[in-house]
Amino acid sequence: MPELPDVEGFRRVLAEHAGEPITAVRVCDAGVLRGVSARRLDEALRGHRFGQPRRHGKWLIAPADGPVLMLHFGMTGSLSWHDADEPRHRHDRVVWGFQDGELRFRDMRKLQGVRLVADEGQAGRTLDDLGPDALDVSREELGALLAGRRGRLKSALTDQTLIAGLGNLLADEICWRARVSPLRNVPDLDDDEVTALYQAMRRVLRDSVRAGRVPPRDTWLTGARDEPEGACPRCGTTLSRRRISGRTTVWCRTCQPK
DNA sequence: TCACGTGTTACCCC
DNA sequence: CGGGGTAACACGTG
């Protein structure tokens with residue numbers, strides 16, 4: 001699931017419990033810990049409180065009165081609040097206990113995980129290679145980012161070092177809404193197309209952040225892309241699909257001509 | 001059994 | 001160096 005909108009939802013969950021003392025840290029599966037031991041995670045966080053968490057791209061950053069917790073959810077991670085007596089899920093990997101309940105980092109595939117850095121300086125270094133967060137990009141900045149970029153539009157949109165936060169679903173959704181083929185070469189895009197892409201990005205992000213996910217509505221590409229013979233929600237053309245840089249890309253060859 | 005998946009990184013090639 | 005492609009990581013599903 002996790003692209004920018006999902007992580008923004010997880011940020012909200014954590015934000016609701018900022019300021020409450022962390023009473024316990026339980027590592028159920030150390031396989032998600034990145035560069036930190038279970039012991040160190042516990043020592044650094046127990047008795048501390050999370051400050052206001054923030055998000056950059058697909059990263060959730062939670063300062064904890066000194067150390068900084070950094071979560072990345074890979075393809076299957078999530079963060080949710082539960083009563084302490086609610087049975088744990090099989091894929092709950094790390095749990096932070098509070099007075100009234102607990103936060104659970106759940107992740108089936110363990111492709112990414114939980115980091116802890118000593119301070120904000122190190123947090124900044126961890127995020128150093130990321131481009132600006134997609135929600136912070138202006139029309140002018142998008143144009144500047146794409147200027148001088150070679151290769152396909154799809155690759156550019158999902159390149160976290162260019163723009164942070166857009167994943168496979170969002171990138172396809174944005175191209176579809178903008179009526180621009182994801183196969184187009186970036187240098188060939190004209191100003192109107194970049195403007196259309198920018199407006200599509202804003203609208204898709206706004207609605208997705210509101211939903212906490214890319215909503216699988218039947219008026220969106222995402223609602224049709226997983227069906228074997230999925231049809232374009234706008235014109236009914238059978239959707240095209242093809243792998244680009246290892247990810248399945250879906251588009252409508254009628255609405256988004258090459 | 002095999003292919004596939006909303007992510008990232010290492011590695012090879014041009 | 002910039003891009004393209006693939007494999008690997010881990011695990012569940014069709």
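Sequence lines set the chain letters: A, B, ... in the order given, protein chains first and strands last, and positions in each chain run from 1. Please read these numbers as outputs of a predicted model, since none were measured by experiment.
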Quick one: is [N] close enough that its OP1 or OP2 comes under 4.0 Å of any side-chain N or O from [X]?
{"X": "H72(A)", "N": "dG7(B)", "result": "no"}
{"X": "T248(A)", "N": "dC4(B)", "result": "no"}
{"X": "K58(A)", "N": "dT8(B)", "result": "yes"}
{"X": "R243(A)", "N": "dG5(B)", "result": "yes"}

Could you give the distance from CG (L127(A)) to CG (D133(A)), rounded to the nearest 0.5 Å?
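Answer for the CG-CG pair, L127(A) versus D133(A), is 10.5 Å.
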In Å, rounded to the nearest 0.5 Å, how long is the span from CG of L116(A) to CZ of R40(A)?
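With rounding to 0.5 Å, CG (L116(A)) is 5.5 Å from CZ (R40(A)).
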In whole Å, what is the span from the [atom1] atom of [X] to the [atom2] atom of [N]?
{"X": "M75(A)", "N": "dC4(B)", "atom1": "CE", "atom2": "P", "value": "13 Å"}
{"X": "E3(A)", "N": "dG5(B)", "atom1": "CD", "atom2": "P", "value": "14 Å"}
{"X": "D128(A)", "N": "dT9(B)", "atom1": "CG", "atom2": "P", "value": "13 Å"}
{"X": "R115(A)", "N": "dT8(B)", "atom1": "CZ", "atom2": "C1'", "value": "10 Å"}
{"X": "W59(A)", "N": "dG7(B)", "atom1": "CH2", "atom2": "P", "value": "14 Å"}
{"X": "R225(A)", "N": "dG5(B)", "atom1": "CZ", "atom2": "C1'", "value": "10 Å"}
{"X": "D172(A)", "N": "dG5(B)", "atom1": "CG", "atom2": "P", "value": "11 Å"}
{"X": "E227(A)", "N": "dC4(B)", "atom1": "CD", "atom2": "P", "value": "19 Å"}

Determine the interplanar angle of the F105(A) and W96(A) rings, folded into 0 to 90°, and report it as parallel if under 30°, tilted if 30 to 60°, perpendicular if over 60°.
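Geometry flag for W96(A) against F105(A): perpendicular rings.
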Can you say whether the rings of W81(A) and H17(A) are parallel (under 30°), tilted (30 to 60°) or perpendicular (over 60°)?
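Parallel, since the angle between the ring planes stays under 30°.
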Answer yes or no: is there a side-chain heavy-atom contact under 4.5 Å between [X] and [Y]?
{"X": "C252(A)", "Y": "S240(A)", "answer": "no"}
{"X": "H82(A)", "Y": "R106(A)", "answer": "yes"}
{"X": "M201(A)", "Y": "L166(A)", "answer": "yes"}

W220(A) ring centre to R225(A) NZ or CZ under 6.0 Å, with the angle to the axis within 45°?
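No, cation not above the ring by the 6.0 Å, 45° rule.
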Step through the shown structure and confirm whether more than 12 heavy atoms of other residues, nucleotides or ligands are within 6.0 Å of CZ on R213(A).
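No - once you tally the heavy atoms of other residues, nucleotides and ligands closer than 6.0 Å, there are 12 at most.
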More 5' along DNA chain C: D107(A) or G151(A), using each one's nearest nucleotide?
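Final value for this comparison: G151(A).
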Describe the nucleic acid contact of R213(A) in one word from base, sugar-phosphate, nothing, applying a heavy-atom distance below 4.0 Å.
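Counting heavy atoms under 4.0 Å across all strands, no contact is made by R213(A).
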Which part of the nucleic acid does R241(A) contact within heavy-atom distance under 4.0 Å: base, sugar-phosphate only, or nothing?
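Nothing: the residue R241(A), judged by heavy atoms under 4.0 Å, touches no strand.
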With DNA chain B as reference, determine whether Q112(A) or T76(A) sits nearer its 5' end, using the nearest nucleotide of each.
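It is T76(A) whose nearest nucleotide is closer to the 5' end.
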Measure from the side-chain N and O atoms of R55(A) to the backbone N and O of G57(A), and report whether any donor-acceptor pair falls under 3.5 Å.
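Side chain of R55(A) to backbone of G57(A): a pair is present.
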At the 4.0 Å heavy-atom cut-off to chain A, mark where contacts on DNA chain C begin and end, going 5' to 3'.
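Range of nucleotides touched by chain A: dG2(C) to dG12(C).
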Let me have DNA chain C in dot-bracket notation, would you? Count Watson-Crick plus G-U wobble pairs, both distances under 3.5 Å, and use [ ] for pairs crossing earlier ones and | for inter-strand partners.
.||||||||.||||
